[in-house]
Amino acid sequence: MIDLRLLREDPDAVRASQRARNESESRVDDLLRADEERRAAVQRFEAVRGEQKLLGKQVSSAKGDERAALLARTKELSAEVKAAEAAANEAEQALRKAHMAVSNLVEEGAPPGGEDDYVVLREVGTKPDLANPRDHLEISEALRAVDMERGAKVSGSRFYFLIGVGALLENALLQLAIAQAVEYDFTPVIPPVLVKPESMEGTGYLGAHASEVYRLEADDLFLVGTSEVALAAFHTGEILDLDGPIRYAGSSSCFRREAGSHGKDVRGIMRVHQFNKVEMFSFCRPEEARDEHRRLLAWEEEMLAKVEIPYRVIDTAAGDLGSSAARKFDCEAWVPSQGRYREVTSTSNCTTFQARRLNIRYRDADGRTQTVATLNGTLATTRWLIPILENHQQADGSVRVPKALQPYLGGRDVLEPA
RNA sequence: GGAGGGUUCGCCUAGUGGCCGAUGGCGGCGGUCUUGAAAACCGCUAGGGCGCGUGAGUGUCCUCGUGGGUUCGAAUCCCACACCCUCCGCCA
């Protein structure tokens, strides 16, 4: 949710942001109207409620006829208060709905345009010189690392088994990511992967992405698509002591329905219903958020460097940002078999948008409560196995293990076909 | 799954219909005393909405797990739900 004070003071800034996202500007006016209506309704309620309280106090001390007269009036008032309260509640609901419909303000500097209008900030690393690169599925079949067919047999399409060195490699990658996060003072977290509707809603995943989310009907719980959900909701309703950023590294399985992605990335483990991820999450002061965002990106790049994958960094265009994000940087790894870069990390600065919904605050220098900023970024996922396997494949069918991963693979420096 | 007990301002706690937005203690902050510290003593110490004020502030309304109900009036009575604890059953 955006800052309503900012909306009142500078509605044009919000309109401009909506325009940059290619989203409706009329929602801004709807929100302004709802805001005004709510304030009016609240004032009406407070007026009658104030009178009710005043007279109510007199009733207790009044006697005889005076008391009877007071009771007659307060009885009337009682109905008025009830009606006014209902109207105020209704206006509150309407405001909330209108509030939810407006996306976060785009950060200054984000590229204009839509999905294809990202800006490449840099390309890093050297692409391997491979005559006929095999794709990750061929490689992993030779290594007996991934079993797609049995995945489909047991669970359906887009499910898989990681087995043998596949399972070991993923564990190694995730451990490397956690170790790096701990090195930089992140608090490691294993969060619940089933969350209540409020938590899902608070992070904004029940909006445009609702169809992407698994829901457990019988228990009214959702399977998270990322540990970001649980990490963001961790401090719901709290007032944090913020000296510097508070950082968590969540490690969890993630679940996505992948509705509407029929035909896309059907081969291998590029796009699957279940995968693992180590996610960075920061709570900080709004004025620190921009710098923190750059730090998260730097940590993502450090991980990519550790696994020795060529990648590029893109600055997502305004029209392609999620509703909570003010700015988003993705790292895309080079995938030799496809001859192109594919997303392996994503870091978003959600400024105060997400925290306002979750009611997470801190105290400023004057002791006043202010809404915190939240940021998230990927440190490693199952998908990383693709560029790792493909970029480090060797002519003899084996795969070289990057140095940083070797300690987590029992010192192994090469994965040989089984 | 069954049976009980509980949920009050950071923590603990008082509070069974109006004088309660709420007692007391601990902790925290500030002060007095002291060369300094401790002790003692004094004061302050929930959040939010709306209005007024350039501002420090100030007025008012809401919030005693959440949502309803009863009542002129609810922390207090009733109902539903959530969560926590204990016991029983079942089970990784």
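Chain A is the first sequence line, chain B the second, and so forth, proteins listed ahead of strands; every chain is numbered from 1.
Among the protein residues, A:R356 comes within range of no part of the nucleic acid, since none of its heavy atoms lies under 4.0 Å from any strand. Contacts of A:R73 with the nucleic acid, taken as non-hydrogen atoms under 4.0 Å apart, are absent.
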Bracket notation of RNA chain B in which parentheses pair within the strand, [ ] cross earlier pairs, and | pairs with another strand (Watson-Crick or G-U, under 3.5 Å): ((((((((.[[[..)..(.....]]]((((((.......))))))(((((((....))))))).[[[[[..)....]]]]])))))))....
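With respect to the salt-bridge test (charged N to carboxylate O, under 4.0 angstrom), the residues A:E292 and A:R295 qualify. Salt-bridge annotation for A:E212 and A:R257: absent, with no side-chain N of the basic residue lying under 4.0 Å from a carboxylate O of the acidic one. By the 4.0 Å N-to-carboxylate-O rule, A:E85 lies too far from A:R49 to be salt-bridged with it. Under the 4.0 Å criterion applied to side-chain N and carboxylate O atoms, A:R271 and A:E258 are assigned as salt-bridge partners. Salt bridge A:R15/A:D12: present, at least one basic N to carboxylate O contact under 4.0 Å. By the 4.0 Å N-to-carboxylate-O rule, A:D35 lies close enough to A:R8 to be salt-bridged with it.
For the residue pair A:S227 and A:E279, no side-chain donor N or O sits within less than 3.5 Å of a side-chain acceptor on the partner.
Between B:G17 and B:U70, the two C1' atoms lie 12 Å apart (nearest whole Å). Going from the P atom of B:G24 to that of B:G30 covers 23 Å, rounded to whole Å. Rounded to whole Å, the separation between the C1' atoms of B:C11 and B:A46 comes to 13 Å. Taking atom P in both B:C62 and B:U66, the straight-line distance is 15 Å, to the nearest Å. Taking atom C1' on both B:A82 and B:C26, the two are 30 Å apart, rounded to the nearest angstrom. Using P as the reference atom, B:G65 and B:A75 are 10 Å apart when rounded to the nearest Å. Rounded to a whole angstrom, the distance from the P atom of B:C19 to that of B:U60 is 16 Å. For the C1' atom pair drawn from B:U13 and B:C52, the interatomic distance equals 38 Å after rounding to whole Å.
When the C1' atom of B:G28 is taken as reference, atom CD1 of A:I239 falls 15 Å away, rounded to whole Å. With rounding to whole Å, A:R361 atom CZ is found 8 Å from B:G47 atom P. Distance CG (A:L70) to P (B:G18): 18 Å, rounded to an integer number of Å. When the P atom of B:C61 is taken as reference, atom NZ of A:K82 falls 19 Å away, rounded to whole Å. When rounded to the nearest whole Å, the span between CZ of A:R67 and C1' of B:C72 equals 8 Å. Rounded to an integer number of Å, the gap from CD of A:E238 to P of B:G47 is 15 Å. Rounded to whole angstrom, the span from the CZ atom of A:R44 across to the P atom of B:G51 amounts to 14 Å. Atom-to-atom, CG of A:L221 to P of B:A82 comes out at 12 Å; the value is rounded to the nearest Å.
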Worked check of salt bridge (charged side-chain N to carboxylate O under 4.0 Å, His left out) between A:D320 and A:K328: CA-CA 9 Å; A:D320 197 28; A:K328 178 162 80 108; 5.2 Å; no
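Ring to ring, A:W334 and A:Y311 are not that close: their centroids are 6.0 angstrom or more apart. Side-chain rings of A:F281 and A:F283 approach one another, their centers coming within less than 6.0 Å.
Against RNA chain B, the stretch residues 45-59 of chain A makes heavy-atom approaches under 4.0 Å through A:F45, A:E46, A:R49, A:G50, A:Q52, A:K53, A:G56, A:V59.
The side chain of A:R363 has B:G47 as its nearest neighbour among B:G73, B:G51, B:G47. The A:R38 side chain lies nearest to B:C50 when the options are B:C72, B:G47, B:C50.
Of the inter-residue distances, the one linking A:R290 atom CZ with A:L375 atom CG reads 12.0 Å to the nearest 0.5 angstrom.
Sequence order on RNA chain B of the closest nucleotides to A:E85 and A:N359 puts A:N359 first from the 5' end. For the pair A:K75 and A:E92, nearest-nucleotide mapping onto RNA chain B gives the more 5' position to A:E92.
Environment of CG in A:N22: sparse, with no more than 12 heavy atoms of neighbouring residues, nucleotides or ligands closer than 6.0 Å. Other residues, nucleotides and ligands contribute more than 12 heavy atoms inside 6.0 Å of the CD atom of A:E302.
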N/O contacts under 3.5 Å, protein versus nucleotides 53-58 of chain B?
from  : atom 1 : to     : atom 2 : distance (Å)
B:A56 : OP1    : A:R368 : NH2    : 2.8

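Proximity of A:R39 to the phosphate of B:G49: no side-chain N or O atom is located under 4.0 Å from OP1 or OP2. When the side-chain nitrogen and oxygen atoms of A:S78 are compared with OP1 and OP2 of B:G73, one or more of them lie within a distance under 4.0 Å.
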